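As the structure is a prediction and not an experimental result, all values here were calculated from the model. Counting begins at 1 with the first residue of the sequence.
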Amino acid sequence: MFTPNAEPQEIAARGDRLSIRFTENPGAYRLKGNRGGPVVRGFSVNLPPEATELRRVESTRLDELLGEDRYQFARNRDEIELSVGEARAGREFYPTLLVLLAGALAMEQLLANRFYRRAE
């Protein structure tokens, strides 16, 4: 038998029955065997209904689960796209880099003129 994590487990059949006692992980389990030829079967283990409940959570419960000020509410679709877009694409660094390079070039020019002046 292969678990949802693709880990093989040995299972022995008793007559025409299989007893599987370790189905704590949800997902698809695959059974491969040989009974006068190759036999392939499978079954699924679903999450309990409480795990997929989609009721709104109070902010006090979110504070318990995630911590205070570690999450942000989006009240409409525009706020979601703005926050996701900035997180995915990041901020523009090129203008800041150009200013820093121009400053470094100006400092180099000042120092080069000060220490390497030609003697007259």
Side-chain angles (χ1 to χ4, degrees):
M1 181 174 85
F2 292 91
T3 65
N5 301 335
E7 297 172 4
Q9 301 287 333
E10 291 288 328
I11 295 178
R14 290 189 180 154
D16 290 340
R17 296 187 152 249
L18 287 173
S19 283
I20 300 170
R21 297 189 176 122
F22 51 89
T23 58
E24 62 272 353
N25 294 329
Y29 289 77
R30 294 178 300 141
L31 300 165
K32 289 185 179 183
N34 203 357
R35 186 176 188 186
V39 177
V40 179
R41 299 282 187 266
F43 63 94
S44 301
V45 175
N46 296 326
L47 290 170
E50 303 86 41
T52 58
E53 203 170 302
L54 298 177
R55 283 188 288 149
R56 290 182 188 249
V57 178
E58 298 294 324
S59 61
T60 55
R61 179 72 176 138
L62 282 176
D63 288 342
E64 290 174 14
L65 294 172
L66 303 174
E68 264 188 74
D69 298 328
R70 297 201 62 200
Y71 60 91
Q72 180 180 358
F73 282 112
R75 294 185 176 43
N76 59 33
R77 187 179 178 99
D78 295 332
E79 289 179 8
I80 293 171
E81 290 176 1
L82 177 66
S83 64
V84 169
E86 186 175 306
R88 232 183 241 160
R91 295 189 188 120
E92 196 69 37
F93 182 67
Y94 188 68
T96 307
L97 181 65
L98 281 180
V99 170
L100 289 173
L101 286 175
L105 183 62
M107 289 299 295
E108 189 273 333
Q109 187 66 29
L110 285 172
L111 292 175
N113 285 336
R114 180 175 184 174
F115 293 113
Y116 298 109
R117 282 195 184 143
R118 291 185 186 174
E120 292 188 28

A.B. asks: Which pairs of donor and acceptor atoms, one on a side chain in residues 3-11, lie under 3.5 Å apart (sequence neighbours left out)?
C.D. replies:
residue: T3; atom: OG1; partner: N5; partner atom: N; Å: 3.4
residue: T3; atom: OG1; partner: E7; partner atom: N; Å: 3.3
residue: T3; atom: OG1; partner: E7; partner atom: O; Å: 3.4

A.B. asks: Please determine whether residues Y71 and L65 belong to a single hydrophobic cluster, defined as Ile, Leu, Val, Met, Phe, Trp and Tyr linked transitively by side-chain heavy-atom distances below 4.5 Å.
C.D. replies: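 The answer is yes; both residues are in one hydrophobic cluster.
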
A.B. asks: Hydrophobic clustering (ILVMFWY, side-chain heavy atoms < 4.5 Å, transitive) - are F93 and L101 grouped together?
C.D. replies: yes

A.B. asks: Does F43 belong to the same Ile/Leu/Val/Met/Phe/Trp/Tyr cluster as F2, with side-chain heavy atoms less than 4.5 Å apart forming each link?
C.D. replies: no

A.B. asks: Working to the nearest 0.5 angstrom, can you tell me the gap between E68 CD and T60 OG1?
C.D. replies: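 Between E68 CD and T60 OG1, I get 10.5 Å after rounding to 0.5 Å.
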
A.B. asks: Looking only at heavy atoms, which two atoms of Y29 and T23 are closest? And how far apart?
C.D. replies: OH-CA, 3.5 Å

A.B. asks: Considering non-hydrogen atoms only, spot the tightest contact between P95 and E92 and give its length.
C.D. replies: CD-CG, 3.6 Å

A.B. asks: Measuring from M107:CE to L111:CG, what's the distance to the nearest 0.5 Å?
C.D. replies: 5.0 Å

A.B. asks: Sequence neighbours excluded, which residues qualify as side chain to side chain donor-acceptor pair (under 3.5 Å) partners of E53?
C.D. replies: R55

